[in-house]
> 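After the structure tokens below, expect a handful of questions from me.
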Number of protein chains: 2
Amino acid sequence: MIFDADHSAEPALARADFPAEAAVVSADSRGRILAAAYELFSRRGVRDVGVNELIERSGVAKATFYRHFPSKDALVLAFLEQRDQLWTVDFIVGQAKLRGTTPTEQLLAIFDVFGDWFLRDDFEACSFINILLEMGPAHPLGLASIDYLARIRGHVQALAEQAGLDRPEDFARSWHILMKGSIVSATEGDIQAAKRAQQMAGWLIEHHRS
Amino acid sequence: MIFDADHSAEPALARADFPAEAAVVSADSRGRILAAAYELFSRRGVRDVGVNELIERSGVAKATFYRHFPSKDALVLAFLEQRDQLWTVDFIVGQAKLRGTTPTEQLLAIFDVFGDWFLRDDFEACSFINILLEMGPAHPLGLASIDYLARIRGHVQALAEQAGLDRPEDFARSWHILMKGSIVSATEGDIQAAKRAQQMAGWLIEHHRS
DNA sequence: CCGAGGGCAGACAGACCGGTCTTACTCACG
DNA sequence: CGTGAGTAAGACCGGTCTGTCTGCCCTCGG
């Protein structure tokens, strides 16, 4: 397959930070569908984006869509996996590890990354939380979201263990409360939500020191 | 807004716990619609419940529905107002004030009420957060949800002022992060989310003492 | 007795949903 | 050249959505 010269609108902004739509501009149709799904789902939610819009955005025929993904929900699952890699691993955890040297610093740096993220004009809250609340914890997509949220907690727990903190799992669960609460507050418009959460996070670290 | 005398009173409200469907079985059709909306919207979200289901549940004709509410969104706004009264004021704040004697105790008691609420089998997360994330902060319903979330913060701030805490507005915003974060964690299945948030809330109080 | 109006039931409109299937075209490969 | 795989385009299906409109019944005031 040769590159279409006119393949639709890929701003392909290569920003060094969180790659909102850097989601792999691949020439094959499956990659185009995934890229469109990432852009639309992360910004507007799953229920607000229909299959017709997805195929129009990705320049793909409907039959092609359903050859690559047996259903819309299957595409959402693929989107969640991609979100875990691009947002959780590459952006949040990756940036936090770059900004801090010690595990404790890296933990606190999560909220520095959050602070920058909250300021972005395309800040769209956390897809895992959105889908969990949108579909409910019993729906397959809600269950998948719970799983990816647990992975986030796993990153926090690993850093807590490296920092030698007490009861790292409890620590990670409390820490996650601060992360999720600050995201919702930021959606409400509280610009300083990350700072507030970071302050409480500092107290949490103190209370988990040996 | 004027108080209608027949404004679907709150008789069953006497229940000690959170009146999930105490929302008034009133004889008039408007009250029946509102009661059905409260039950369905609070449990399953706004987008998942259609007008047809609402009229079937309330035993009302479609024309009657649209005579009382010009649109579904108008009914959602009325639901949010009712939710503010039944959930925020009567249940959360009311119960917390009953459980504590001093303002500080009453603040911490919020998370005791949360702990009981999280255990309920019909726990359905916070309608304001759900609708905010579902519709987005720019949608009229999202804006209304932000407004009602600010009212919750107002209750917290008032208690903080009574307790003589420093910077009560900052305190209330940080406190609210804990409330919202614990709600999302509870939706994920963390039974002890309220306890974790309460512990951090205690530290927050300490740091706001004069 | 009678007319007006509120409420119930439900058909209907128009848009959109996820998903299936047909048609026509291109291209790689034997 | 022939064939089959992959694709774009889009008609189509059954269903759902919000919202409108038409009947018909029941009640109540005069």
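We use all heavy atoms of the structure for the numbers below, so side chains are in, but hydrogens, waters and symmetry mates are not. Each chain gets a letter, A, B and so on, in the order the sequences are listed, and its residues count up from 1. Note that this is a predicted model, so its numbers are computed, not measured.
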> Do S185(B) and H176(A) have side-chain atoms, one donor and one acceptor, less than 3.5 Å apart?
no
> Taking side-chain contact (heavy atoms from CB on, under 4.5 Å) as the criterion, tell me which of L40(A), V49(A), N52(A) meets it with R57(A).
L40(A)
> In this structure, how many angstroms lie between the P atom of dC8(C) and the CG atom of D28(B), rounded?
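Value for this atom pair: 11 Å.
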> Which protein N or O atoms sit under 3.5 Å from an N or O of nucleotides 25-28 of chain D?
none

> What are the two closest non-hydrogen atoms of A125(B) and T187(B), and how far apart are they?
CB-OG1, 3.6 Å
> Do D122(B) and R120(B) meet the salt-bridge criterion of a basic N to acidic O distance under 4.0 Å?
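The answer is yes: the pair qualifies as a salt bridge.
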> Does the plane of the ring in F111(A) sit parallel, tilted or perpendicular to the ring in F114(A)? Use 30° and 60° as the thresholds.
perpendicular
> For nucleotides 4-6 of chain C, tabulate all protein N/O to nucleotide N/O atom pairs closer than 3.5 Å, reporting atom names and distance.
none

> In whole Å, I'd like the distance from the CZ atom of R30(A) to the P atom of dT7(D).
12 Å
> Who pairs with R47(A) by side chain to side chain donor-acceptor pair (under 3.5 Å), at least two apart in sequence or on another chain?
D48(B)
> Name all residues meeting the side chain to side chain donor-acceptor pair (under 3.5 Å) criterion together with H208(A); count only those two or more places apart in sequence or in a different chain, and write none if there are none.
none
> Between protein and nucleotides 10-23 of chain C, map the contacts as a letter string: B base, S sugar-phosphate only, - none, heavy atoms under 4.0 Å, written 5' to 3'.
B------SSBBB--
> One thing to verify: whether E53(A) and R44(A) come together as a salt bridge, which I'm taking to mean a side-chain N less than 4.0 angstrom from a carboxylate O.
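Salt bridge present between R44(A) and E53(A).
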> Distance-only check: which donor-acceptor pairs under 3.5 Å involve side-chain atoms of residues 139-156 of chain A, not counting sequence neighbours?
| unit_1 | atom_1 | unit_2 | atom_2 | d |
| --- | --- | --- | --- | --- |
| H139(A) | ND1 | L141(A) | N | 2.9 |
| S145(A) | OG | L141(A) | O | 2.9 |
| R153(A) | NH1 | E188(B) | OE1 | 3.2 |

> Among I92(A), L178(A), V93(A), find the one that has a side-chain contact (heavy atoms from CB on, under 4.5 Å) with I110(A).
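Going through I92(A), L178(A), V93(A) one by one, the side-chain contact (heavy atoms from CB on, under 4.5 Å) with I110(A) is satisfied by I92(A) alone.
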